[in-house]
Amino acid sequence: MPLVTIDDIPVEVPEGTTILEAARMIGGDIVPPAMCYYSKLKTSGGYCRTCIVKVEQGSAKDPRPMPKPVASCRTTVMDGMVVRNITSPENLEARAGVVEMLLINHPLDCPVCDQAGECHLQDLGYEHGKEETRFEFPRREFEPIDIGENIKLHMNRCILCYRCVKVADQITDGRCHGVVNRGEAAEISTYIEKAIDNDFSGNVIDVCPVGALTDRTFRFKSRVWYTKPVDAHRDCAKCCGKVRLWNQGEEVLRVTARKDKWGEVEDTADGSTAWICNECRFDKKHINDWTIEGPSKIDRHSVISANHYETTLRNIKADTIKMMGSKPHGDKVTLGTGALDPNNIH
Amino acid sequence: MSKKLLLKNDHVPYINKLSVYREHGGYSVLEKTLKNTSPENVLEEVKKSGLRGRGGAGFPTGLKWSFLARPEGVPRYLVCNADESEPGTFKDRYLMERIPHLLVEGMILSSFALGANTSYIYIRGEYFYVARILEQAIEEAYAAGLLGKNILGSGFNHDCYVQVGAGAYICGEETALLESLEGKRGNPRIKPPFPAVAGLYGCPTVVNNVETIAAIVPIIEMGGEEYAKIGVGKSTGTKLISASGHINNPGVYEIELGVPVEEFIYSAQYCGGIRGGRKLKAVVAGGSSVPILPTELILKTANGEPRLMSYESLGDGGFATGTMLGSGGFIVMDEDTSIVKNLYTFARFYHHESCGQCSPCREGTGWMEKILHKILEGHGTLKDIDLLWDIQSKIEGKTICPLGEAAAWPVAAAIRHFRSEFEDYVTNPESIKDIKHYYRLQN
Ligand SMILES: Cc1cc2nc3c(=O)[nH]c(=O)nc-3n(C[C@H](O)[C@H](O)[C@H](O)COP(=O)(O)O)c2cc1C
Ligand code: SF4
Ligand code: SF4
Ligand code: FES
């Protein structure tokens with residue numbers, strides 16, 4: 001088994017393991033952030049470049065360093081490889097550069113975004129970003145569109161991680177969802193705004209790391225940190241039926257798949273991924289539809305598990321103001337508690 | 001002295017016709033090779049020739065071919081990269097337009113060496129009329145038994161197809177090209193695997209530039225060793241240079257590698273000097289992606305040696321004082337040229353052509369264009385120049401494909417060598433607006 005050293009910590013991993021997966025085996029702060037890689041989706045990763053690391057020594061056989069930072073999610077380890085992530089200031093600087101790029105065109109509309117509190121871009125910005133933006137131009141804008149009855153696409157927030165494209169490709173049939181246009185003008189789209197009509201299409205919501213794809217049946221019902229996540233199941237003919245309910249009192253506000261500490265949909269007992277079907281996700285909104293197992297354990301060190309909802313909210317606002325710098329971004333975002341009131345949203 | 005191997009018959013009337021091409025010795029190399037030589041020998045000659053890829057990166061062709069995986073029962077492909085979209089580069093077009101059969105002969109020869117029974121010429125969409133010329137040549141070749149089953153009784157079967165792209169620079173990147181050829185969105189693939197192992201339709205594939213493949217014909221004709229005697233050092237053979245900009249004789253020139261840059265610019269045989277007798281200001285020597293160099297550094301290296309038209313000499317000094325031969329797109333700028341304006345044009349191009357897969361290139365190219373526009377409009381600050389520098393450094397080396405570098409390098413080089421001009425734009429925008437010549441590039 002190849003032995004790889006990441007930030008001075010050695011770990012032995014099976015042949016073919018990527019640097020990122022090896023780092024996840026070690027755990028803790030040395031795990032590179034991954035915005036596009038998704039272990040349950042084939043060919044994912046490589047796009048966002050947030051997971052870049054420095055390879056100081058290629059392998060025991062060929063100890064030369066790699067000339068450029070590599071995407072840890074797409075680079076397999078070699079025996080004797082030496083990798084630097086957080087112990088390389090140069091690497092952290094390069095990553096901060098990537099994070100800045102992801103944020104320059106982001107609308108920073110966290111106060112009105114349903115993903116706030118469980119958004120990987122928010123986490124990334126806090127942990128790896130710089131204090132303020134140096135981008136002073138109008139941000140790229142798209143009109144939000146409905147992809148069918150249940151899914152909303154806010155292209156402004158998309159980071160083009162291609163995860164939803166892989167879901168559409170790999171777990172739904174009759175794919176009609178992909179990327180159109182090029183470069184900065186590239187957008188996620190369905191074929192001529194066709195509704196995605198497929199039993200498993202709702203999973204694009206769960207894989208989206210940001211608030212670009214959201215559940216229309218949950219829109220503006222509540223902030224995620226005012227809901228209580230519980231694990232529940234039902235007998236479902238189409239999927240595993242094992243879900244997470246996001247409740248307020250007796251009311252089921254949202255149904256999602258269960259996610260692990262990397263923010264990915266969990267595996268079921270038989271090792272397959274616990275994707276859920278649209279019926280469970282969108283139509284079973286009554287507490288009696290479900291057998292409750294108990295409160296969900298949320299592993300991810302994200303803001304939802306921090307339990308300091310108010311602080312979190314304050315941080316988001318402060319951060320938004322900071323990131324917007326001297327030029328508040330138009331009048332689309334109302335900063336203030338009012339922003340949480342759905343009636344206040346334009 | 002100029003030795004012509006590729007363009008020796010480019011002015012013969014109707015050389016695009018098979019009969020005329022054959023009258024001038026065309027396809028005799030193929031005939032001899034198929035009769036007397038083994039594929040291994042062809043590969044050996046190519047290795048000996050020291051030929052380096054003419055598409056931009058200069059990777060040794062023989063070595064590339066020897067990497068081609070050869071699993072049993074799996075087809076191998078040769079793909080010719082005729083996407084030629086690098087600003088300042090138009091040599092492949094000239095070659096295909098004038099002597100299409102040279103490329104076709106090269107395709108068959110190379111395919112024979114690689115054991116490929118199918119090859120594709122992927123040509124940029126804007127060259128649709130050139131595609132027609134190639135298709136006619138291929139048709140003629142089929143009719144003459146030079147393509148198809150059992151070529152010239154040798155038992156070697158080969159089919160060659162022309163595929164027209166839709167006009168995207170990124171489809172010149174070899175893996176984006178393969179995606180496009182497969183009918184998919186032209187996004188570069190994440191490597192590994194490399195095309196030599198899993199290329200077109202997942203099969204082992206060699207991708208070579210038009211000029212590289214055409215050069216195989218004279219190499220086999222004269223032998224690899226003889227070919228290697230032409231040129232200088234590891235820059236063997238001849239190279240097509242697309243010369244453009246403020247020179248008296250713009251056009252495509254075949255040079256022996258190693259011609260001094262000064263001679264290339266000023267000799268009547270080549271560029272014929274700067275138009276209107278003006279002074280030289282800067283040269284982009286290898287297509288828009290390579291670093292721009294000011295007069296003092298393009299004519300002489302930092303050590304004061306004459307700079308030559310070769311991979312090594314142009315690269316001498318690294319990026320601090322050198323540049324690259326690249327694709328041979330030689331863009332000359334006279335003293336009236338605005339470097340800032342020119343850079344803006346390049347930046348706009350890369351922004352437009354980024355495929356958008358990876359964040360630094362998708363976002364960074366647009367950002368750089370916007371800042372350059374701001375500076376050009378006279379609203380820039382000194383901080384913007386530093387910011388530009390920082391952005392290019394955040395793109396370089398952090399992307400999926402080299403388009404990121406192609407976008408970053410010109411920005412870095414322009415600031416490195418012409419910082420004061422950027423500062424002029426920032427500190428004295430009014431004076432710049434008054435100077436007509438800063439705008440001449442646009443007219
Ligand atoms: C953005 C980009 C555009 C490219 N465009 C071309 C092109 O138009 N023609 C070409 O031959 N090579 C182009 N290349 C280089 C190819 O990827 C590849 O290296 C080349 O075709 C290999 O052929 P060679 O070894 O014969 O040079 C491009 C590379 C990049 C990154
Ligand atoms: S919509 Fe979401 S999942 Fe799809 S590419 Fe954009 S950010 Fe990724
Ligand atoms: S560097 Fe640019 S062109 Fe190349 S894959 Fe990334 S976004 Fe696409
Ligand atoms: S997570 Fe590795 S590149 Fe996006």
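Worth saying up front: this structure is predicted, and the values here are computed from it rather than measured.
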Pairwise distance CG(B/Asp390) to CZ(A/Arg134) - rounded to 0.5 angstrom:
4.5 Å
Using a cut-off of under 4.5 Å for heavy-atom pairs, which of B/Glu396, B/Lys383, B/His351 has the most such pairs with chain A?
B/His351
For A/Ala186 and B/Arg185 the tightest heavy-atom approach is CB-NH2, 4.2 Å
Just checking heavy atoms, which of residues 73-84 of chain A are less than 4.5 Å from chain B?
A/Arg74
Qualifying residues under ring-ring contact (aromatic ring centres under 6.0 Å, His included), relative to B/Tyr311, sequence neighbours excluded:
none
Under a 4.5 Å heavy-atom cut-off, does chain A meet the side chain of B/Lys374, its backbone, both or neither?
side chain
Option in A/Val70, A/Leu102, A/Val179 with maximal non-hydrogen atom pairs under 4.5 Å from chain B
A/Val179
Enumerate by number any residue of residues 86-95 of chain A whose heavy atoms lie under 4.5 Å from heavy atoms of chain B; in the absence of such residues, state 'none'.
A/Glu93, A/Ala94
Out of curiosity, A/Thr50 OG1 to B/Lys398 NZ, how far, rounded to the nearest 0.5 Å?
14.0 Å
Side chains of B/Asn187 and A/Tyr162: any donor to acceptor distance under 3.5 Å?
yes
What is the distance from atom OH of A/Tyr47 to atom CD1 of B/Ile190, rounded to the nearest 0.5 Å?
5.0 Å
For B/Asp384 and A/Glu136, which heavy atoms make the closest approach, and how far apart are they?
OD1-OE2, 4.0 Å
Taking all atoms of both residues into account, what is the closest heavy-atom pair of B/Ile391 and A/Met101, and its distance?
CG2-CE, 3.8 Å
Under 4.5 Å from any heavy atom of chain A, what part of B/Thr399 do you find: side chain, backbone, both or neither?
backbone
Checking heavy atoms, do the side chain of A/Leu160, its backbone, both or neither come under 4.5 Å from chain B?
both
Which bit of A/Val180 is near chain B, if near means a heavy-atom gap under 4.5 Å: side chain, backbone, both or neither?
backbone
Specify which of A/Lys68, A/Arg140, A/Arg182 makes the most heavy-atom pairs with chain B at under 4.5 Å.
A/Arg182
Please look at B/Glu369 and chain A and tell me whether the side chain, the backbone, both or neither of the residue comes under 4.5 angstrom of a heavy atom of that chain.
neither
For chain A, which residues from residues 353-368 of chain B lie under 4.5 Å away (heavy-atom distances)?
B/Glu353, B/Ser354, B/Cys355, B/Gly356, B/Gln357, B/Cys358, B/Ser359, B/Pro360, B/Arg362, B/Glu363, B/Gly364, B/Gly366, B/Trp367
